[in-house]
Chemist: 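Take a look at the following structure, please.
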Amino acid sequence: MHIRGDHAELVVGGRLDVRSAADARTVLHSAVDDGVGDLVLDLTHLDSWDATGLGVIMGAHRRAGRCGRRLVLRGVPPQMQRLLVATRLHRILAIEGGIAAESLPRV
C-alpha cells in the first residue's frame, strides 16, 4: 500500500488490508488533523481492501467529522462500490459522483 498527497488530497494505491492498516491510519489521521475543509481520498489506484481497511476509512471519516471536516472518496473502483452498497456505507460516506447504478443491488 502507498499513500501520497497532503492534508487536502491523498492518493491511495495497492492493498488496504490488515497488514497496511496501521500505517494508513497514521497517515489519514495526520492529514485530517493538519488540514481544513474536505479531505479527498482518491482510490483510483486501490487494488483491494478488506474489513480492516474499510474500518480505517470509517475511522478517518469519524475523525474528520469531529474535526469539522468531511472525508470524500473519489474514484472508488466498482468492486469496492458494491461492498459499500452491501454494507450500506454508501449512505454514510461522501462519494464524489455517487455510486454507479450497476453497483446497486438488483430488486
Side-chain angles (χ1 to χ4, degrees):
M1 184 231 28
H2 61 275
I3 299 176
R4 59 184 161 74
D6 57 24
H7 58 272
E9 182 175 341
L10 295 171
V11 177
V12 183
R15 296 175 55 106
L16 182 54
D17 57 18
V18 69
R19 281 172 261 142
S20 59
D23 292 337
R25 186 177 297 110
T26 299
V27 172
L28 290 174
H29 287 189
S30 293
V32 167
D33 294 345
D34 294 342
V36 294
D38 288 352
L39 172 59
V40 176
L41 282 186
D42 186 335
L43 304 178
T44 306
H45 302 290
L46 187 64
D47 297 327
S48 65
W49 61 20
D50 65 6
T52 306
L54 189 53
V56 169
I57 299 286
M58 290 308 299
H61 164 76
R62 285 189 299 275
R63 188 178 190 106
R66 287 191 303 267
C67 293
R69 298 187 73 188
R70 186 174 72 134
L71 185 71
V72 179
L73 304 183
R74 173 186 292 156
V76 181
Q79 69 273 21
M80 290 171 231
Q81 289 183 22
R82 286 189 287 281
L83 180 61
L84 292 176
V85 170
T87 58
R88 297 184 184 257
L89 292 174
H90 70 292
R91 296 179 180 193
I92 297 168
L93 294 167
I95 302 169
E96 191 174 85
I99 293 286
E102 61 270 9
S103 296
L104 296 174
R106 307 244 189 264
V107 180

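All values derive from a computational prediction rather than experimental measurement. Position 1 is the first residue of the sequence, and the numbers go up from there.
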Chemist: So if you build clusters from Ile, Leu, Val, Met, Phe, Trp, Tyr with side-chain heavy-atom gaps below 4.5 Å, do Val85 and Val72 land together?
Modeler: no
Chemist: Would you mind writing out the side-chain donor-acceptor pairs for residues 50-57 within the sub-3.5 Å range, not counting sequence neighbours?
Modeler:
from, atom 1, to, atom 2, distance (Å)
Asp50, OD1, Thr52, N, 3.0
Asp50, OD1, Gly53, N, 2.9
Asp50, OD2, Val18, N, 3.2

Chemist: Tell me whether Val11 shares a hydrophobic cluster with Ile95, the cluster being built from Ile, Leu, Val, Met, Phe, Trp, Tyr side chains joined at under 4.5 Å.
Modeler: no
Chemist: Looking at side-chain heavy atoms only, is the closest gap between Met80 and Leu43 below 4.5 Å?
Modeler: no
Chemist: Under a 4.5 Å cut-off applied to non-hydrogen side-chain atoms, are Val12 and Val27 in contact?
Modeler: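 Result no, sub-4.5 Å side-chain heavy-atom pair not found.
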Chemist: So how far is it from Leu73 CG to Leu84 CG, rounded to the nearest 0.5 Å?
Modeler: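 Reported to 0.5 Å precision, the distance equals 7.0 Å.
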Chemist: With rounding to the nearest 0.5 angstrom, report the CG to CD1 distance, Leu41 to Ile3.
Modeler: 7.5 Å
Chemist: Gly14 and Leu46: which non-hydrogen atoms are nearest, and at how many Å?
Modeler: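 Heavy atoms only, the tightest pair is O-CD1, 3.3 Å.
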Chemist: For residues His61 and Leu71, report the shortest heavy-atom separation together with the two atoms involved.
Modeler: N-CD2, 3.7 Å
Chemist: Rounded to the nearest 0.5 Å, what separates atom CZ in Arg91 from atom CG in Leu93?
Modeler: 13.0 Å
Chemist: Do Arg66 and Val32 make a side-chain contact, defined as non-hydrogen atoms from C-beta onward lying under 4.5 Å apart?
Modeler: no
Chemist: Under 3.5 Å, side chain of Arg69 to main-chain N/O of Gly37, donor-acceptor pair present?
Modeler: yes
Chemist: State, to 0.1 Å, how close Gln81 and Val76 come at their nearest heavy-atom pair, and which atoms those are.
Modeler: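 Nearest heavy atoms, Gln81 then Val76: NE2-O, 2.7 Å.
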Chemist: For Glu9 and Leu39, work out which heavy atoms get closest and say how close.
Modeler: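 Heavy-atom minimum between the residues: N-CD1, 4.0 Å.
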